[in-house]
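Here is the structure we will look at, set down as structure tokens.
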Amino acid sequence: MNSIVLLFVLLKSLIHYPQLVGDAWDEETRFRMEVRAKQLEWERIQQELEAEQLTPKQVQLLQLLAVAVLLVLVFILWLMGCKRSLRREGHEEENNGANEEEAGNGDANEDAGVGNAEEDDANQEEDGNDDGNVQEDGHVAANGEDNIENDDVNEAANAGNNDLALVVYETGTVFDDNIGRVLMERIQWPVQELQAGCQWTQNLMDNYGLYFGHVLANSFYPGLQRAIGVGSAFEGWSPREQDVVYQVLIPMTPPRGHSFHLELDSAEQRHVRNFRVRVQLECTCTKEQQAEGMLCFLHHPEEELRSNQDPSLLNTLCTDSYLDVQKTARWFYQLVRAIWPALPQSHNWHLKLLPSTRSCQFQVTNGRKSFRIEMLFGVRRGDSDIFVSSQPREAHTQSTAWPETYAVAEAKFFKHIAKQAPRDSLHLKCLQFFTRLLLGFTFSTYTVKTIVMHMLNVGPVSQWRRRHFLNRLLDISRCLRVSVLVKRLNHFIVGNQRLPHYIHLPPDIQAAPPYNLFHQLAEEPAAHTQATYDCQILLKGLKRILLGEQ
């Protein structure tokens with residue numbers, strides 16, 4: 001009986017035996033081999049149970065069939081080995097005396113899709129280096145275990161890395177579903193109730209919005225529209241469980257007698273687009289506005305204006321005719337504090353304002369639950385999903401600088417994906433797992449978020465179920481590795497010509513060249529070296545977690 005089990009295991013190992021990728025396997029291939037070994041161990045028990053239920057005649061037939069198939073497979077593998085050896089010998093003779101570049105290209109074309117085949121003597125010497133330093137041509141010197149194959153570079157170059165087209169989606173099997181279940185049980189997921197927190201925050205913002213409209217109706221302060229949930233929590237994921245921040249963006253409109261004009265203020269900066277919001281007074285010398293008792297800021301004497309009308313926005317929240325972020329933030333704090341006692345939430349919750357110079361942050365608690373909320377404010381660019389907001393991108397941002405933000409467009413993308421995805425989709429779990437894994441490394445959570453958004457945009461959402469969990473984690477790690485290798489990761493919004501039609505962009509964003517999030521790696525060799533090292537350590541940690549070694 002055990003002989004049948006042995007034959008079945010041997011057959012399955014031959015069928016799933018991985019292809020060779022040269023003198024060394026890359027990290028992903030070795031990991032897949034170890035997973036496959038565990039697969040054989042798990043399936044052996046099921047096969048033993050099935051074999052015990054067979055009759056003697058069935059056992060004899062299965063033994064003969066297994067031996068026959070085994071011999072055929074061994075013969076096929078022998079032929080493949082002979083063919084490969086002959087091809088390799090002929091190739092070496094044909095390219096004898098060729099230069100290093102021609103030999104490397106010949107080997108890559110000969111074994112396309114397989115990985116790093118034999119290269120010439122010069123390239124082998126470079127691959128033998130153990131320092132793992134980054135070379136001038138953008139390749140990482142292989143050090144055995146951390147070798148990055150040339151096929152990754154070729155695929156990334158061919159795909160242009162615009163939508164990470166190098167990702168190949170596979171159909172999951174029953175065993176893959178078991179693998180996904182084990183991995184889901186093995187990973188310690190943070191306990192989060194993001195959906196409930198988002199709903200509570202949105203209800204609070206709606207209540208605030210009612211009073212905002214009432215208080216600011218006849219004032220010369222900006223009008224405040226309905227808050228839009230943005231950021232990781234409203235997208236359905238968060239890397240940490242202790243400090244979840246519920247971010248909302250409140251669009252502002254100019255008050256009566258004023259207009260907003262956005263001016264690009266980052267001509268000297270290549271990688272950050274900052275705007276300034278110029279406030280301009282408009283003539284209100286019309287019968288309708290005069291009937292409302294409003295004086296024109298342009299054509300009425302200043303003395304009459306000071307005596308009979310509140311000051312204009314230029315005299316309250318602006319600096320040199322430009323809307324000031326810090327002054328606006330202080331104004332928001334005053335509104336939130338003044339309106340809070342009138343809200344129904346104030347009866348059971350306690351409000352604590354938190355310090356911030358470019359937003360309004362506060363925490364609400366009721367003894368059992370606690371929510372940290374950040375109110376950002378911004379101005380919409382036309383009728384698009386792109387805003388200029390108060391949230392800074394740099395440590396020292398001027399008070400009149402309003403960075404361009406794509407948070408609304410990204411939240412809109414995740415909301416649309418949630419409508420399309422099956423109920424058991426794990427795309428947010430994959431994102432959450434990798435962002436937690438990145439803590440302590442040079443990579444930002446936005447890096448993994450960008451990779452996942454590209455993958456969701458080019459592949460079917462149905463391929464993110466539990467049976468695909470392992471493959472998607474490996475795809476994300478491979479995309480990160482290749483992006484570091486080629487020093488390029490394109491922004492998901494700016495310059496992406498394959499965005500869904502429901503995301504509306506201004507013409508300049510739609511026609512912009514692809515924006516490289518890894519521009520620093522291309523400009524600073526030291527940063528590329530550090531990123532390469534961090535990537536190698538990170539992938540080792542991923543392997544240990546998935547194999548249950550820690």
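In this structure a side-chain-to-backbone donor-acceptor pair under 3.5 Å is missing from Lys487 to Phe518. With Asp534 contributing its side chain and Phe441 its backbone, the two residues share no donor-acceptor pair below 3.5 Å. Of the possible donor and acceptor atoms, one in the side chain of Arg358 sits under 3.5 Å from a partner among the backbone N and O of Ser390. Under the 3.5 Å distance criterion, the side-chain polar atoms of Ser384 are matched with a main-chain donor or acceptor of Ile386. Side-chain atoms of Ser346 come within 3.5 Å of backbone N or O of Leu343 as a donor-acceptor pair. Judged by distance alone, with hydrogens and angles left aside, the side-chain atoms of Arg472 form a donor-acceptor pair with the main-chain N or O of Gln463 at under 3.5 Å. With hydrogens and angles ignored, the 3.5 Å screen pairs a side-chain donor or acceptor of Gln497 with a backbone N or O of Gln510. Remark: the backbone N or O of Met453 is not paired with any side-chain donor or acceptor of Asn457 at under 3.5 angstrom. The backbone N or O of Leu489 sits nowhere less than 3.5 Å from a side-chain atom of His454 that would complete a donor-acceptor pair. Under a 3.5 Å cut-off, the side chain of Trp402 and the backbone N or O of Leu323 do form a donor-acceptor pair.
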Test log, rule side chain to side chain contact (heavy atoms under 4.5 Å, CB included), inputs Val277 and Met252: CA-CA 11 Å; Val277 182; Met252 298 188 302; over 6 Å; no
Steps toward side chain to side chain contact (heavy atoms under 4.5 Å, CB included) verdict (Asp508, Arg273): CA-CA 12 Å; Asp508 59 327; Arg273 285 167 57 95; 2.7 Å; yes
Test log, rule side chain to side chain contact (heavy atoms under 4.5 Å, CB included), inputs Leu456 and Trp464: CA-CA 9 Å; Leu456 289 170; Trp464 291 81; 3.5 Å; yes
Full working for salt bridge (charged side-chain N to carboxylate O under 4.0 Å, His left out) between Asp424 and Arg466: CA-CA 7 Å; Asp424 58 345; Arg466 189 173 66 180; over 6 Å; no
Working for side chain to side chain contact (heavy atoms under 4.5 Å, CB included), residues Ile373 and Trp200: CA-CA 11 Å; Ile373 300 172; Trp200 193 95; 4.1 Å; yes
Criterion ring pair (Phe, Tyr, Trp, His ring centres under 6.0 Å) on Phe413 and Phe492, from CA distance to verdict: CA-CA 10 Å; Phe413 173 76; Phe492 181 67; 4.8 Å; yes
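Side-chain contact annotation: Gln202 with Tyr246, donor-acceptor N/O pair under 3.5 Å absent. His491 and Tyr446 are linked by a side-chain donor-acceptor pair at a separation below 3.5 angstrom, with hydrogens and angles left out of the test. Thr447 and Ser444 are linked by a side-chain donor-acceptor pair at a separation below 3.5 angstrom, with hydrogens and angles left out of the test. Gln363 and Ser370 share a donor-acceptor pair across their side chains, judged by distance under 3.5 Å alone. Residues Asp324 and Ser399 have side chains that bring a donor and an acceptor to within less than 3.5 angstrom of each other. There is no side-chain donor-acceptor pair under 3.5 Å between Glu404 and Asn274. Counting only N and O atoms by type, the side chains of Arg278 and Tyr322 include no donor and acceptor under 3.5 Å apart. The closest side-chain donor-acceptor pair between Glu524 and His528, if any, does not fall under 3.5 angstrom.
Taken to the nearest 0.5 Å, the CE atom of Met375 stands 10.0 Å off from the OH atom of Tyr333. Atom OG1 of residue Thr400 and atom NZ of residue Lys327 lie 10.5 Å apart, to the nearest 0.5 angstrom. Atom CG of residue Leu216 and atom CG of residue Leu335 lie 5.5 Å apart, to the nearest 0.5 angstrom. Rounded to the nearest 0.5 angstrom, Ser359 OG and Phe332 CZ are separated by 10.0 Å. Between atom CG of residue Leu480 and atom CZ of residue Phe443 there is a gap of 5.0 Å, rounded to the nearest 0.5 Å. Atom CZ of Arg436 is separated from atom CG of Leu431 by 12.5 Å, given to the nearest 0.5 angstrom.
Heavy-atom minimum distance, Ser238 versus Gln432: O-CG, 3.3 Å. Minimum interatomic distance between Arg488 and Pro514 (heavy atoms only, all atoms of both residues): NH2-O, 3.3 Å. Nearest heavy-atom pair across Ala411 and Gly229 is CB-O, 3.8 Å. Nearest heavy atoms, Pro392 versus Pro403: CA-CG, 4.0 Å. Residues Ala531 and Thr442 come closest through the heavy atom pair CA-OG1, 4.2 Å. In terms of heavy atoms, Val388 sits closest to Leu262 at CG2-CD2, 3.9 Å.
Between Pro222 and Leu317, some side-chain heavy-atom pair lies under the 4.5 Å cut-off. A heavy-atom distance below 4.5 Å is found between the side chains of Leu499 and Leu505. Here the side chains of Phe377 and Leu224 are not in contact, with every heavy-atom distance at 4.5 Å or above. Side-chain contact between Leu428 and Val452 is absent, with no heavy-atom pair separated by less than 4.5 Å. Contact check for Asp206 versus Tyr208: no side-chain heavy atoms found under the 4.5 Å cut-off. Side-chain atoms of Val248 and Leu376, non-hydrogen and from C-beta on, never get closer than 4.5 Å to each other. Side-chain contact check for Leu517 versus Asn490: every heavy-atom pair is 4.5 Å or farther apart. Annotation: side chain of Tyr406 is in contact with side chain of Val494 (closest heavy-atom distance under 4.5 Å).
Each of Arg372, Glu374, Gln361 was evaluated against Gln247; a single residue qualifies, Glu374, per the side chain to side chain donor-acceptor pair (under 3.5 Å) test. Screening Lys419, Lys412, Gln420 for a side chain to side chain donor-acceptor pair (under 3.5 Å) involving His416 leaves a single residue, Gln420.
For Phe371 and Trp349, the gap between ring centers is short of 6.0 Å.
With salt bridges taken as basic N to acidic carboxylate O contacts below 4.0 Å, none links Arg478 and Asp475. Ion pairing of Lys449 with Glu235 is present here, as a side-chain N (NZ or NE/NH1/NH2) and a carboxylate O approach within less than 4.0 Å.
At least one cation-pi condition fails for Arg380 and Phe387: the charged atom is not both under 6.0 angstrom from the six-membered ring centre and inside a 45 degree cone around its axis.
Within 6.0 Å of CD in Gln225 there are more than 12 heavy atoms belonging to other residues, nucleotides or ligands.
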